[in-house]
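Inspection log for the structure reproduced underneath, given as structure tokens.
The residues of the chain are indexed from 1 along the displayed sequence. None of these values were measured; they are calculated from a predicted model. Heavy-atom basis, side chains included; hydrogens, waters and symmetry copies ignored.
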Amino acid sequence: MNTPINNIVASGKYCLRQYLLRGKGAGLLLLFALCMLTACSSDDDASLNVSGSCLVEELVLNNQYTATINLEKRLIKVKVPVTFNQKADMQITSLRTAPGAVTNFHVGDRLNFESDKTLHVQNGDLVLDYQVSVRNDEAKMTLFLLGGVKGSIDQENKTIKVAVNAKSGIDLSNVVFEVQGSEDAVCSPASGTTGDFTQPFTITLTDNTATTTYTVYVTLITDPVALFVGEAENEEMLNPEEKAAAKWLIGNITDGVYASWDDIISDNISLEKVKFVFFHRHCTPYGTYNGFVDAEKKAMTALSKMKELRDRGVGFVLQRSAVNYAIALGAMPEDAFPNNVWGTDGEGSDLMGADPWTYRVYDINHPLWQNLKRSATLGDDRIITLDEGYTICNTTSQYGFWGDYPNKEAVEAKTGGRALGGDGNVSSWELKAADGNYGKGGIICLGSGVLDWNSPTPYTSNYHDNMGQILLNAYDYLTK
């Protein structure tokens, strides 16, 4: 038997009961999906008054600032000049709504709009809330990429510095750049176009009364400090997961560059000042060390140079299938390869819901896990690197607790290392440097699929920035 509200929804008319409209969570979402700010009637409940509308047609502040109304998102935005500093005392001089609607704002009211306000609109049993924001015009650049390489933005001096590997082959006279900035700012030249960066290059952002011009300076790196190594000719040719990790290193570690194994083998890149190497291999996992050796021929050909780096105190982060490279470097016994591996070289696997997976660590005080954004609901031994809507490929190389590895102590004894994290397993661990100590010059192995860089599905980053922080922690821990 249908209830009156079910009949209303089933009829396709855009209305809801008062108790649902005033509810929380799903009720508010359903309101947006069904209400559409239009009138309807119900034959099943004569007491339900839904003959009106909650539409806001106009809002003007101080007789001159007219709002932009986004009905879909229920957002009302009022833009004021960049120099306007009187948001704490603004007057409502015009407010027009659908006939019969009652609001908590009234013409003549003086309100403090230094923070967002809620405009509550009710018409009979229809209720709708709008978020009202007053924003100064702003023309601020928040991200700059040159051929995929992240630039460092100096907001005070309005300059952008980009470090590019001198041997990368990038044509600075005609290279694509990308810009992200303030919500309403327009970029000129347009983001996604090309420019000549062989000399200082200017980019202007404009938002009504706000205008900011930035100057881009490019430095060619001949002696890199940090390397992301891979099989592709350049970072743009890597698979999406590896490319995301490579671009993070290039954009976030000063004098960090991408280097192919061929670059290293042929001495096409200087290794003199290198102190950090990041090797992230996303592919179908190898069940044995011999399988890794057979498949990663170029990495093995470059092994003598990589061993020289380790011997002089260079730190390594090895991720996913690349954890096997620790054996090649002489940091683990040959028979200590991970016994629990799975996954493919694809990008889609597990889509995170409202409660993304978390990751257990054995010692939350270890330098690798510091300065991460934490969830108030997680235990002290758990971190999170994923967000709702994020899809991980979940390729994993770890030690399961069976056979020769009944517990983490057995893993540590076999590998000669120290367990860092895992859920009923060891999927992250560290190995000693060539001098026999942990820390500077050591090796961090990240075998867990939860530690991921690229999502083929859209998501809002909340906890995923922890991935970058973990790598920054690793860089500091292994190089200082």
- Query: Within the side chain of H464, is there an N or O that forms a donor-acceptor pair under 3.5 Å with the backbone of D452?
  - Reply: yes

- Task: Compute whether any side-chain donor of one residue and acceptor of the other, for Y459 and T391, lie under 3.5 angstrom apart.
- Result: no

- Is there a donor-acceptor contact under 3.5 Å linking the side chains of Y325 and E296? no

- Query: R320 and T395: side-chain donor and acceptor closer than 3.5 Å?
  - Reply: no

- Polar side chain donor-acceptor pair, D196 to S173, under 3.5 angstrom: no

- Task: Determine yes or no for a side-chain-to-main-chain donor-acceptor pair under 3.5 angstrom, with N136 supplying the side chain and P81 the backbone.
- Result: yes

- is_close_aromatic(F337, Y289), centroid dist under 6.0 Å: no

- Message: Whether the side chain of S182 engages the backbone of D184 through a donor-acceptor N/O pair (distance < 3.5 Å, no angle test) should be reported.
- Response: no

- Polar side-chain atom of Q469 near backbone of D465 as donor-acceptor pair, under 3.5 Å: no

- Message: Checking N466 against T385: is there a side-chain donor and acceptor pair closer than 3.5 Å?
- Response: no

- Among residues two or more places apart or on two chains, list those pairs meeting ring pair (Phe, Tyr, Trp, His ring centres under 6.0 Å) that have a residue in residues 211-238. F228-F278

- Task: Sorted by first residue and then second, give each ring pair (Phe, Tyr, Trp, His ring centres under 6.0 Å) pair with at least one member in residues 424-450; sequence neighbours left out.
- Result: Y399-W429

- Query: Do D89 and Q86 have side-chain atoms, one donor and one acceptor, less than 3.5 Å apart?
  - Reply: no

- Assess the pair F201 and F197: is the distance between their ring centroids shorter than 6.0 Å? yes

- Rounded to the nearest 0.5 Å, what separation is found between the CG atom of N454 and the CG atom of L238? 11.5 Å

- Query: When you measure from the side chain of K158 to the backbone N and O of Q155, does any donor-acceptor pair fall under 3.5 Å?
  - Reply: yes

- Task: Go through the steps for K298 and D262 under the test salt bridge (Lys or Arg N to Asp or Glu O under 4.0 Å), then give the verdict.
- Result: CA-CA 7 Å; K298 289 187 176 181; D262 284 336; 3.1 Å; yes

- Quick one: do the T288 and N290 side chains pair a donor with an acceptor below 3.5 Å? no

